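Before any comments, here is the structure.
Values in this document were obtained by computation on a predicted structure and should not be read as measured data.
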Amino acid sequence: NRNIAFGIKIPLIVFFVFFVLAGIFLIYLLFKNLKQKKYPQTLAVAVILAGAIGNIIDRIRFGYVIDFISIKYFSIFNLADIYITCGAIFFAYLFLKEEN
């Protein structure tokens, strides 16, 4: 997949790599500075970070991300995408649960 999510085209791969690296750095800072060091939040951020790093390794190494899981009538994705999505959903769930 030479594009980003859902086939959106990107103008410059260098800009995209810089943007993703900045995002990984911000996620790392969030991971490092979790105030209460709660295990579930730490796990959620670690899973997101693992997925982001997996995708950026593919982008740097090949110039694109290798998507190999295909669900008919839905999308084509990889394990890193699953990690990012599941981690984000879990983190959002924990955030909303904590608000109540």
Side-chain angles (χ1 to χ4, degrees):
N1 181 4
R2 295 186 187 278
N3 303 317
I4 58 175
F6 306 108
I8 299 170
K9 300 217 182 283
I10 51 175
L12 292 171
I13 192 67
V14 175
F15 171 74
F16 181 74
V17 169
F18 174 76
F19 179 71
V20 171
L21 288 174
I24 289 171
F25 181 70
L26 290 174
I27 292 170
Y28 167 76
L29 290 178
L30 174 65
F31 180 73
K32 184 178 174 187
N33 294 320
L34 281 173
K35 293 184 182 196
Q36 297 174 345
K37 298 289 184 184
K38 293 181 180 177
Y39 177 73
Q41 286 90 345
T42 305
L43 177 64
V45 173
V47 170
I48 295 168
L49 188 58
I53 290 171
N55 274 340
I56 196 64
I57 288 171
D58 272 0
R59 291 259 179 221
I60 291 171
R61 187 168 177 210
F62 303 115
Y64 54 90
V65 173
I66 300 172
D67 291 336
F68 56 90
I69 301 170
S70 177
I71 296 179
K72 193 173 183 177
Y73 304 115
F74 178 64
S75 185
I76 301 174
F77 49 92
N78 60 25
L79 289 177
D81 297 337
I82 294 170
Y83 287 1
I84 293 168
T85 303
C86 290
I89 291 169
F90 186 49
F91 194 80
Y93 167 77
L94 293 170
F95 178 77
L96 292 173
K97 182 180 173 187
E98 191 172 288
E99 289 288 316
N100 294 329

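Distance check: L21 CG to I53 CD1 gives 9.5 Å after rounding to the nearest 0.5 Å. Considering CD1 of I66 and CD1 of I57, their distance stands at 11.5 Å, rounded to 0.5 Å.
Annotation: F25, atom CZ; neighbour count of heavy atoms from other residues, nucleotides and ligands within 6.0 Å does not exceed 12.
Under the 4.5 Å side-chain heavy-atom criterion for grouping Ile, Leu, Val, Met, Phe, Trp and Tyr, I71 is connected to F68 within one hydrophobic cluster. Note on I82 and I84: separate hydrophobic clusters, where clusters join Ile, Leu, Val, Met, Phe, Trp and Tyr whose side-chain heavy atoms are under 4.5 Å apart, directly or indirectly.
Pairing each heavy atom of Y83 with each of G51, the nearest pair is CB-CA, 3.9 Å. Minimum interatomic distance between F90 and P40 (heavy atoms only, all atoms of both residues): CE2-O, 3.5 Å. Heavy-atom minimum distance, R59 versus V65: NE-CG2, 3.5 Å. Between N78 and N55, the closest heavy-atom pair is ND2-OD1, 3.1 Å.
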